[in-house]
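Okay, so here's the structure we're looking at.
Reminder, nothing fancy here: chain letters follow the sequence lines and each chain counts from 1.
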Protein chains: 2
Amino acid sequence: MNKPVTIKDIAKKFKCSPSTVSRALNNHPSINEDTRRNLQEYAQKVGYQRNQVSLSLLNKKSANVGVIVPTINNYYESAIIEGIDAVLQNMGYTLNICVTNEQYLLEAEYVEKLLSNRVEGIFLSVSQETYDSGHYEHLEQVVKRGLPLIYIDREYEGFATGSVTIDDYDGAFAAVEHLIQTGRKRIAHLRGPNGMALAEQRFRGYIECLKKHNLDIDESLIITTNFKVESAIEPTQSLLDLPEAPDAIFGVNDQVAIGAMKVIRSRGLKVPENIAIAGFDDSPISAYIYPSLTSVARPGRRIGMEAARIFEASQKDTGETTVTTLVLPSELIIRESSC
Amino acid sequence: MNKPVTIKDIAKKFKCSPSTVSRALNNHPSINEDTRRNLQEYAQKVGYQRNQVSLSLLNKKSANVGVIVPTINNYYESAIIEGIDAVLQNMGYTLNICVTNEQYLLEAEYVEKLLSNRVEGIFLSVSQETYDSGHYEHLEQVVKRGLPLIYIDREYEGFATGSVTIDDYDGAFAAVEHLIQTGRKRIAHLRGPNGMALAEQRFRGYIECLKKHNLDIDESLIITTNFKVESAIEPTQSLLDLPEAPDAIFGVNDQVAIGAMKVIRSRGLKVPENIAIAGFDDSPISAYIYPSLTSVARPGRRIGMEAARIFEASQKDTGETTVTTLVLPSELIIRESSC
DNA sequence: AACAGGACTGCAAACGTTTGAAATTTTTAG
DNA sequence: CTAAAAATTTCAAACGTTTGCAGTCCTGTT
């Protein structure tokens, strides 16, 4: 209920002008020592708090940045956010978080809202539906405003000030190559949804690695899942029912790999003796399940930090618009499930 | 670089006053049909975007709420945030996320910043250091401003408009009772840091349950950890080295329980045959590790949603300041590690 | 005594929008 | 054709802060 104290209130109390109060509180040199002390003490006493909103209006700077992600309740995404925060927090920026749930409409709405809030930059992980829809006008707007638009993890080739991703292709390639090097010959892939960039790249990594090692590509060993544990159950069962079952499974992520592992073990088969497993994400789970899961690690926190640094840089060099594209290496973490 | 188009710009172009433009864009009834259509079309064409900052200044409403949490990169916390977002997003609010890393100083700073940003409410999970320091002036400020302050998960008895927590005592009690009912008699507790509310309550639940069932409280079976997997390693080893080892271990959270499980298995002992294990959090891990982990589930998403609803309610009834305190039930999920 | 200079303070405009009241234009009725 | 009514538009203030410029007052110098 208490209206916040304003500079004007203080000025009235002291029978001086708002300018004087403002300068006093900002330690402007041309203010009398006594005046300044008195005003500062009084402001302190009544709990004066500078109104950032009016300042934002005046300076056309809000000290806010937008972060738009498909989901937040997930180790990898939240690590990215934490990384962004770690860098930007001591530069005084506040993070405006928007969760799209993979919906294009929400993504577009959020961009509007953030622009309307006059954020100074937008970090975006493109939602699946946006890829599907092919609509990118909302992103074009951001760039037209001259605002930094930085893709985190899920990028789009256009409108960017920068992007920080990892090489999904490489990561998948490494995982599959590892399975081959440990002697597996019939390697199945529980892949992600069609059309999704990340899923396609991992799929490509899988395919190319098989080709490189002159292994047959058997369509019956490639089944689509939706990243969730349950979506791996049925596919894995059909894999095991094949006349010639696979001797290894590469899951598009850890959840799927874990789902596969569950089915395998429930059939009395052993991991990795009968079938080796590898996943993707190195989620905290993977080190602790039994057998522990070989997985490709994605440096979420670092992605966030690097993205924030690109933003930081974009604030400095006014003028040039350089596009910084960073592809961070993924790292294959070898554990029990593939040895 | 492109300066955003303002209402004034449009007014100049159309040789009319800003008022007219404003009303046209807001579909004010007293605007001529043609004028309105023309203005709206033009605004659309040049990509006019209402400046929310100036509106905030005018209305003293920012459509922002602050969310202050100790950490975000964690299943439970991010579920809470997701819950808040789910409710507030279609009311048009933007979440300003602040991560304190359990530091009192950051927490206080963030409160200042959010107040300065004129958020309309603050959701807070109190940081550990703040409990330790005993400083709550920053929270007092929030309430003095007449802003809703809603505790999520970690509360403090004071200054609140509301709080949504779970009953840690109850959850711990239920877990320990379950262990007792399955025949265990020497139940160890890997507890959390001293002084931390959540840790203390779980500890109390453990103690009281033992008392209720007339079991001895053996100080040597109670060891402090810091929630991390590694912090459970050494304590578990010393538990196993006791002349009379425990037949069950209740971990303050899943991480600790998993750490304990690792040590036990590495010694060739079996879970749950030799030693039963129970954790707390029902993190996504717990269902998938082997053996799967008995754990107390905390409804993170629901906490967030309920908190958001309390905020929503506080916006409606102007006047009365009722304090809504909600304690959500935790739920014991029984899995293999304790059967 | 006059004046330069320094020390301090106030004025007014600006940021972009909304809104009650006043002013203008158009329409209607007599 | 005029006056009143209706329709439409403009004025001006407000939100809280900063800042270049102008103003005031005092001190010291010649």
**Request:** Return the residues of residues 10-33 of chain A meeting this criterion: a heavy atom under 4.0 Å from some atom of DNA chain D. Order them by number, or give none.
**Result:** A:S19, A:S22, A:R23, A:N26

**Asked** Under 4.5 Å between any side-chain heavy atoms of B:L106 and A:Q89, yes or no?
**Response** yes

Please write out each protein N/O paired with an N/O of nucleotides 23-27 of chain D under 3.5 Å, distance rounded to 0.1 Å.
none

**Item:** Length of the NZ-C1' vector between A:K8 and D:dT18, whole Å
**Value:** 13 Å

**Request:** For atom OH of A:Y75, decide whether the heavy atoms of other residues, nucleotides or ligands shown that lie under 6.0 angstrom number more than 12.
**Result:** no

**Prompt:** Can you list every salt bridge (charged side-chain N to carboxylate O under 4.0 Å, His left out) pair that touches residues 81-98 of chain A, not counting sequence neighbours?
**Reply:** A:E82-A:R301

**Request:** Please name all residues satisfying side chain to side chain contact (heavy atoms under 4.5 Å, CB included) with B:Q44, sequence neighbours left out, ordered by chain then number.
**Result:** none

**Message:** Per the salt bridge (charged side-chain N to carboxylate O under 4.0 Å, His left out) rule, what does the pair list look like for residues 93-114 of chain A, sequence neighbours excluded?
**Reply:** A:E102-A:R154

**Message:** Side chains of A:S17 and A:T20: any donor to acceptor distance under 3.5 Å?
**Reply:** yes

**Complete:** Nt span of DNA chain C in reach of chain B heavy atoms at under 4.0 Å, 5' end first, is C:dC15 to C:dA21

**Prompt:** Below 4.0 angstrom, N of the basic side chain to O of the carboxylate: do A:D34 and A:R37 qualify?
**Reply:** yes

**Complete:** In short, A:P18 meets A:A11 closest at the heavy-atom pair N-CB, 3.7 Å

**Contact residues, residues 54-65 of chain A to DNA chain D [heavy atom, < 4.0 Å]** = A:S54, A:L55, A:L58

**Request:** Return the angle between end axes of the helix from C:dA1-D:dT30 to C:dG30-D:dC1, with five pairs used per end and rounding to 10°.
**Result:** 70°

**Request:** Show the numbers, then the answer: is there a side chain to side chain contact (heavy atoms under 4.5 Å, CB included) between A:N26 and A:I31?
**Result:** CA-CA 10 Å; A:N26 290 320; A:I31 291 292; over 6 Å; no

**Message:** Can you pull out the residues from residues 109-122 of chain A that lie within a 4.0 Å heavy-atom distance of DNA chain C?
**Reply:** none

**Item:** B:E33 with B:R36: basic N within carboxylate O range, under 4.0 Å
**Value:** yes

**Asked** Stepwise, does the ring-ring contact (aromatic ring centres under 6.0 Å, His included) test hold for A:H138 with A:Y110?
**Response** CA-CA 9 Å; A:H138 57 305; A:Y110 278 137; over 10 Å; no

**Message:** Applying side-chain hydrogen bond (donor to acceptor under 3.5 Å, both in side chains), can you list everything that pairs with A:Q40, at least two apart in sequence or on another chain?
**Reply:** A:N27

**Message:** Strictly by side-chain hydrogen bond (donor to acceptor under 3.5 Å, both in side chains), give each pair with a member in residues 60-72 of chain A just once, sequence neighbours left out.
**Reply:** A:N64-A:N96

**Fill in**
Sorted by chain and residue number, the side-chain hydrogen bond (donor to acceptor under 3.5 Å, both in side chains) partners of A:S78 (sequence neighbours excluded) come out as B:N73

**Message:** If only side-chain N and O atoms count, and only distance matters, is there a donor-acceptor pair under 3.5 Å linking B:N59 with B:R118?
**Reply:** no

**Prompt:** Looking at side-chain heavy atoms only, is the closest gap between A:Y151 and A:V126 below 4.5 Å?
**Reply:** yes

**Message:** When you measure from the side-chain N and O atoms of B:R36 to the phosphate of D:dT8, is any distance below 4.0 Å, counting only OP1 and OP2?
**Reply:** no

**Prompt:** What is the ring orientation for A:Y136 with A:Y156, classed by angle as parallel under 30°, tilted 30 to 60°, or perpendicular over 60°?
**Reply:** parallel

